[in-house]
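Nothing here was measured: the structure is a model prediction, and the numbers come from that model. Any value given below was found using the heavy atoms of this structure, including those in side chains, with hydrogens, waters and symmetry copies removed.
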Amino acid sequence: MPALSEIVLRYVIGVIVLRVIYVLLVNLTGLPDLEASQVILATLPATDAGMQIARRATRPLVVADWAKVWAVLMVVYVALMIMPAVFFAASGRLEAAPDAVSALGMVVLASGVMMAIFLMIGARIPSGGRS
């Protein structure tokens, strides 16, 4: 199993770049700022992570290896995208609106599913040396 520090760094850079581009597009073109788009853009860099891990692996990876990668990327995603939303929300908004907590939980759940899908897509991308 390759070291995860470089994979996580690549993921973080990918998330930040995609988020900046998305915010610019939303602000400059008036596109709607949808939660589904944010989920996809936050989990899309997992494709690169899956590809890099599959290429650098020195042994066949088992489900436990992929679960570890998924868990690390989810922790980073929650720390980068979800926790700031919770901490910087208007005071009392989450406590006063139980629907906001439910919606936040659905975003995390959807992100987890999408993260797993993109990891597996990335793992199936053939490397340049194989045919």
Side-chain angles (χ1 to χ4, degrees):
M1 175 93 155
L4 291 179
S5 58
E6 185 180 338
I7 304 297
V8 169
L9 179 63
R10 290 174 67 112
Y11 173 77
V12 168
I13 291 170
V15 167
I16 291 170
V17 167
L18 287 175
R19 183 68 181 162
V20 167
I21 291 170
Y22 180 68
V23 167
L24 286 173
L25 280 173
V26 165
N27 289 332
L28 295 176
T29 64
L31 292 172
D33 187 14
L34 303 174
E35 286 180 355
S37 298
Q38 293 175 22
V39 166
I40 291 170
L41 290 175
T43 57
L44 185 61
T47 306
D48 179 60
M51 181 179 63
Q52 294 300 322
I53 289 169
R55 285 183 181 174
R56 296 176 186 184
T58 57
R59 62 175 172 78
L61 300 174
V62 295
V63 173
D65 296 325
W66 288 110
K68 179 181 175 184
V69 172
W70 176 84
V72 168
L73 292 180
M74 279 302 296
V75 167
V76 170
Y77 165 75
V78 168
L80 281 178
M81 306 299 280
I82 303 300
M83 294 311 288
V86 171
F87 288 130
F88 297 120
S91 68
R93 190 170 117 207
L94 290 177
E95 293 85 16
D99 293 340
V101 174
S102 175
L104 195 59
M106 289 301 293
V107 167
V108 172
L109 178 66
S111 299
V113 171
M114 293 297 292
M115 183 87 63
I117 290 169
F118 283 129
L119 270 172
M120 292 301 106
I121 289 171
R124 292 182 180 272
I125 295 174
S127 65
R130 292 187 227 157
S131 50

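- Side-chain contact between Leu41 and Ile21: absent, with no pair of heavy atoms (C-beta onward) separated by less than 4.5 Å.
- Note that CE of Met120 and OG1 of Thr47 are 10.5 Å apart. Values are rounded to the nearest 0.5 Å.
- Two residues are said to be in side-chain contact when any heavy atoms from C-beta on lie closer than 4.5 Å; Leu80 and Arg19 fail this criterion.
- Between Tyr77 and Ser111, the closest heavy-atom pair is OH-OG, 2.7 Å.
- A distance of 12.5 Å separates CG of Leu119 from CZ of Arg124, quoted to the nearest 0.5 Å.
- Scanning all heavy atoms of the two residues, the minimum distance from Pro45 to Gly14 falls at CG-C, 3.7 Å.
- A donor-acceptor pair under 3.5 Å is formed between the side chain of Tyr11 and the backbone N or O of Ala42.
- Distance check, rounded to the nearest 0.5 Å: CE of Met115 to CG of Leu44 gives 10.5 Å.
- Considering every non-hydrogen atom in both Val26 and Pro32, the closest pair reads CG2-O, 4.2 Å.
- With hydrophobic clusters built from ILVMFWY side chains whose heavy atoms lie under 4.5 angstrom apart, Val75 does not share a cluster with Trp66.
- Linking Ile, Leu, Val, Met, Phe, Trp and Tyr residues whenever their side-chain heavy atoms come within less than 4.5 Å leaves Val23 and Val39 in two separate clusters.
- In plain terms, the two heavy atoms of Leu73 and Ala46 that are nearest each other are CD1-CB, 4.2 Å.
- Here Met51 contributes atom CE and Ile125 contributes atom CD1; the two are 5.5 Å apart, rounded to the nearest 0.5 Å.
- Side chains of Asp65 and Val62 form a contact here, defined as non-hydrogen atoms less than 4.5 Å apart.
- Linking ILVMFWY side-chain heavy atoms closer than 4.5 Å, directly or via other members, places Met74 and Ile117 in a single hydrophobic cluster.
- Taken to the nearest 0.5 Å, the CE atom of Met106 stands 10.5 Å off from the CD atom of Glu35.
- Atom CG of residue Leu61 and atom CZ of residue Arg56 lie 13.0 Å apart, to the nearest 0.5 angstrom.
- Side-chain contact between Leu31 and Tyr22 is absent, with no heavy atoms from C-beta onward closer than 4.5 Å.
- The shortest non-hydrogen separation linking Ala123 to Ala54 is O-CB, 3.8 Å.
- Leu4 is listed as a side-chain neighbour of Lys68, based on a closest heavy-atom distance under 4.5 Å.
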